[in-house]
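These notes are about the structure you will find just below.
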Amino acid sequence: MSQTRSHTCGELRLEHVGQDVQLTGWVNRRRDLGGLTFIDLRDRYGIVQVVLDPQTVPELHAKSQEIRSEFVLFVKGKVSPRPEGMINKERVTGEIEVHASELDILSKAEVLPFTIHEETDATEALKLKYRYLDLRRPHLQRNLLLRHKMYSVIHRYLDQKNFVEIETPFLNKSTPEGARDYLVPSRVHPGKFWALPQSPQLFKQLLMMSGMDRYYQIARCFRDEDLRADRQPEFTQLDMEMSFATPESIFKIMEALFADIFQTVLDVTIQTPFPQMSYEEAMTSHATDKPDLRWDMPLTQLSQVFKNTSFRVFSEALSNHGEIRGVRIPKGESFSRKQIDQLTLIAKGCGAKGVVWMKKSQEKTSSSIDKFLSPDELSTLESLLKLEEGDLGLIVADQPSVARASLEALRNECIERLELKPKRPFAFTWVVDFPLFVWDDDESRFVSVHHPFTQPHPEDVSKLKNGEDLGSVRALAYDLVLNGYEIGGGSIRIHQPEIQSMIFQTLKLTEEDMKHKFGFFLEALKYGTPPHGGIALGLDRVAMILSGTQAIRDVIAFPKTQSALDLMAESPSTVDPRQLDELHLALKKPKA
RNA sequence: GCGGCGGUAGUUAAGCUGGUUAUAACGCCGGCCUGUCACGCCGGAGGCCGCGGGUUCGAGUCCCGUCCGCCGCGCCA
């Protein structure tokens, strides 16, 4: 008789009563009452209670004395209803239990470094060292499952839309533009290196030139930059590209894809189409190109109002290249003087020198700077902040980065204190009309905001031709933002060699230089390139938001730490000198 | 590269301005217990106070360095 399972630990219900079942799983807990022993058997489907009764199965009960947490067991037994009053309503299998008639220990376990059940409070480092144990916890299993569901929707949906899944190489040519590459030395070609892809950008465009028309890939990408809570050095993106695409056609496909994902994975219906916001508006109203629109609490730009103000704090901030911004706190009027002082401390923690407040109550609007501002200034302020009765306005004047960080901290604190419910749990927005170039002081030239293959906005091509006001040239580029996270970005690409040359000239990149870096690609452009465009979605971040977690680690099976280490495998590691030799590499002597 | 916070039994934490034998909870081990489900009760074991230096009669505690974790800045076309 083979010890295979007939059921999983999560599926037994009252309807199975009377059946003989075979179960396998881990010991979640053993409760030994002396004369009677209970074992909670766990697998990824759930937990079921197994009963060992010395009256009926004395030898099994004796054997069970040896059982400890996380042993792997095989149990054969009969499903029985639980006695009156013994039903566990917390558990879906709580109305039944399995009375064991056979029991085998398939595998023993040493005492674990931390417990699997409940929300274990082991430190991050310990959990990462024993990631395989952490992954036994239902919480992480749920996240991985949810991620899997998202993938299956993507494959199904894009297949229906005629997209073709095509793999592109991991070993690529290094392009020093943009993020740092992970390099792989070539053994057969001394002194030469491969680079792991930062994204399959050029390949997907080449596939359009090949006539594949609609491409997608769930692609692993690598960037050798420092990590954040939402950033890993290797990450997964849904990479896609379409021939004859317009931004609108891409938006439509993405919106329907997200509607499908949220419906299937979370059973949540999201509103489409997504709202759009220009880059300029995002920066003015929200001080960021990835605004969190779950609350209607923008970080409004107020500098204009105070151009000629006599209030020294504001005028000095402005003359020091600072800015004045404010945020509306709904229902914030109830804050006491003391509470506002506490908020001020938070802003000071972010580097702000102070916080100006403004309250709108039934009778009047008052502020901490009534006597310094003209009635005109005060009423403009009130209307720009869109203060409603009962609201509080908080204003910070400082360097842009300080003003933004302070107000963001204030807003988050107030959301928490006032328990402000989000207007919408999932706030998508397209950010459009990004600038094509940004001035780089270090290199004293314009550099691409997105990448040098981005199509300029048709209305701005003349500026490009005349080389005037290049900072204001817009790109046909867009980001998809969800709840303050940039979850995707893309563009319409250049398909005309003349425009491509013009861009290179503007970027002060010589044809020769470009030939060396992207020669094959520029050549390909010449042989009949369809207009095309695409987008890449950061699937780890999407999975993170779907899971309701703030850490990207929680949706990746084997993540790296913030210093890009794998604590479990202890990598990266040193290698055998012979390996280095084969690769024609020598290590630098460490500095003394 | 930089800033903030943290590192003390297996685990999570407490340990105030330096001073007897470094606490607690959970876990672990042993005993008792037939309806538990975070079982209960009794008893016990368990410490390189991250690592290396220094100050001091004396350091978990103060100083310097270093490693690791988390959060952020720079960086991430």
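Bear in mind the structure is a predicted one, so any value in this text is a computation, not a measurement. Every chain is numbered from 1, with letters handed out A, B, ... down the list of sequences.
When each of A:H99 and A:Q550 is assigned the nucleotide of RNA chain B bearing its nearest heavy atom, the one mapping closer to the 5' terminus is A:H99.
To the nearest 0.5 Å, atom CG of residue A:L128 and atom CZ of residue A:F558 are 11.0 Å apart. Atom CD1 in A:I218 sits 6.0 Å away from atom CG in A:L539 (nearest 0.5 Å).
OP1 or OP2 of B:rC76 has not a single side-chain nitrogen or oxygen of A:R180 nearer than 4.0 Å. Note on A:T561: a side-chain N or O is less than 4.0 Å away from OP1 or OP2 of B:rG69. Contact between the side-chain N/O atoms of A:T123 and the OP1/OP2 oxygens of B:rU12 is found at a separation under 4.0 Å. Dashed line: the shortest gap from a side-chain N or O of A:R31 to OP1 or OP2 of B:rC39 is under 4.0 Å. Taking only side-chain nitrogens and oxygens, A:R553 comes nearer than 4.0 Å to OP1 or OP2 of B:rC71.
A:Q55 comes within contact range of at least one nucleobase, with a heavy-atom separation under 4.0 Å. Using a 4.0 Å heavy-atom criterion, one finds that A:P113 contacts the sugar-phosphate atoms exclusively.
Aromatic stacking is not marked for A:F114 over B:rU11, as the cut-offs of 5.5 Å for the centres and 30° for the planes do not both hold.
Rounded to a whole Å, the CG atom of A:L126 is 10 Å from the P atom of B:rU8.
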Under 3.5 Å between N/O atoms: give me all the protein pairs with nucleotides 44-47 of chain B, atom names plus distance.
none

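Inspection of the A:T93 and A:Q49 side chains reveals no N or O donor paired with an N or O acceptor under 3.5 Å.
Residue pairs that meet the salt bridge (charged side-chain N to carboxylate O under 4.0 Å, His left out) test with at least one member in residues 556-575 of chain A, sequence neighbours left out, are A:E234-A:K560. Residues in residues 486-506 of chain A take part in these salt bridge (charged side-chain N to carboxylate O under 4.0 Å, His left out) pairs, two or more places apart or across chains: A:E241-A:R493.
Under the 4.0 Å criterion applied to side-chain N and carboxylate O atoms, A:D460 and A:R474 are assigned as salt-bridge partners.
Distance noted for atom P between B:rC16 and B:rU34: 47 Å (whole Å).
Every residue was checked against the side-chain contact (heavy atoms from CB on, under 4.5 Å) condition with A:A229, not counting sequence neighbours, and none meets it.
Using a 4.0 Å cut-off on heavy atoms, none of the residues of residues 475-493 of chain A approach RNA chain B. Proximity of residues 222-241 of chain A to RNA chain B (heavy atom under 4.0 angstrom from any strand atom) is restricted to A:R223, A:E225, A:D226, A:R228, A:A229, A:R231.
Applying the 3.5 Å distance criterion, the base of B:rC29 shares no donor-acceptor pair with the side chain of A:R68. No hydrogens or angles were tested; on distance alone, a donor-acceptor pair under 3.5 Å links the side chain of A:E97 to the base of B:rG35.
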